[in-house]
Amino acid sequence: MEKFAVIESGGKQYIVTDGENIRIEKITPEAGEDFSFDKVLLRVNGEKIELGTPYVEGAKVKSKIVRQGRDEKKIIFRYHSKTRYRKKKGHRQPFTEVQIVSV
């Protein structure tokens with residue numbers, strides 16, 4: 001029996017199942033706290049399919065915050081030839097790791 005959901009968080013969509021860990025854009029709760037996603041676009045439970053317009057009414061995906069972190073550094077380097085223009089900058093994107101408890 002297949003059971004999954006499609007949720008929206010931080011302007012992105014994720015396909016999630018029970019017990020799965022995912023990385024999403026940073027949200028405010030601290031590690032160890034419970035969190036519910038209420039923007040559920042699709043929920044599938046075996047043969048039963050619920051499709052939202054745009055969200056499924058009353059549907060929630062329960063999860064637990066595993067940790068808050070920052071991704072590895074990305075280097076941004078700008079260069080213009082013949083003008084001595086060089087600019088180097090780094091960026092680390094913050095993220096939240098979430099464990100899905102129930103769909």
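If you're wondering where the values come from, they're calculated on a predicted model, not measured in any experiment. Side chains are part of it too, since the values below use all heavy atoms of this structure and drop only hydrogens, waters and symmetry mates.
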When you group the ILVMFWY residues by side-chain heavy-atom contacts below 4.5 Å and let the links chain together, are Leu42 and Ile22 in the same group?
no
Counting C-beta onward and ignoring hydrogens, is there a side-chain heavy-atom pair between Val101 and Gln99 closer than 4.5 Å?
no
Rounded to the nearest 0.5 Å, the CD1 atom of Ile76 sits from the NE2 atom of His91 at a distance of 7.0 Å
Would you mind reporting whether Asn21 and Val98 have side-chain heavy atoms less than 4.5 Å apart?
no
Is any side-chain heavy atom of Glu25 closer than 4.5 Å to a side-chain heavy atom of Gln93?
yes
Provide the closest heavy-atom pair for Ala5 versus Val40 in the form atom of the first, atom of the second, distance.
CB-CG1, 4.4 Å
Evaluate the criterion side chain to side chain contact (heavy atoms under 4.5 Å, CB included) for residue pair Leu41 and Gln13; output intermediate values, then yes/no.
CA-CA 9 Å; Leu41 301 163; Gln13 296 176 2; 3.5 Å; yes
Quick check on the hydrophobic clustering: are Val103 and Val66 connected, directly or via other members, by side-chain heavy-atom contacts under 4.5 Å?
no
Could you go through residues 29-37 and list every donor-acceptor pair under 3.5 Å that involves a side-chain atom there, pairing it with any protein atom two or more places apart or in another chain?
from	atom 1	to	atom 2	distance (Å)
Glu33	OE2	Glu30	N	3.4

Which pair of non-hydrogen atoms, one from Ile24 and one from Ser9, has the smallest distance, and what is that distance?
CD1-OG, 3.8 Å
Considering non-hydrogen atoms only, spot the tightest contact between Lys26 and Gln68 and give its length.
NZ-OE1, 3.7 Å
The single option from Asp18, Val44, Thr17 that satisfies side-chain contact (heavy atoms from CB on, under 4.5 Å) with Lys3 is Asp18
Is the shortest heavy-atom distance from the side chain of Ile100 to the side chain of Lys64 under 4.5 Å?
no
Which Ile, Leu, Val, Met, Phe, Trp or Tyr residues join Phe95 in one cluster when any pair of side-chain heavy atoms under 4.5 Å counts as a link?
none
Which pairs would a plain distance check flag for residues 48-57, meaning a side-chain donor or acceptor within less than 3.5 Å of a matching protein atom at least two apart in sequence or in another chain?
from	atom 1	to	atom 2	distance (Å)
Glu50	OE1	Arg43	NH2	3.3
Glu50	OE2	Arg43	NE	3.1
Glu50	OE2	Arg43	NH2	3.0
Tyr55	OH	Glu8	OE1	3.4

Minimum heavy-atom separation for Ile15 to Val6, with atom names?
CG1-CG2, 4.0 Å
Is any side-chain heavy atom of Glu20 less than 4.5 Å from a side-chain heavy atom of Phe4?
no
When rounded to the nearest 0.5 angstrom, what is the spacing between NZ in Lys88 and CZ in Arg78?
14.5 Å
Would you say that more than 12 heavy atoms from the other residues, nucleotides or ligands in this model lie under 6.0 Å from the NZ of Lys87, or not?
no
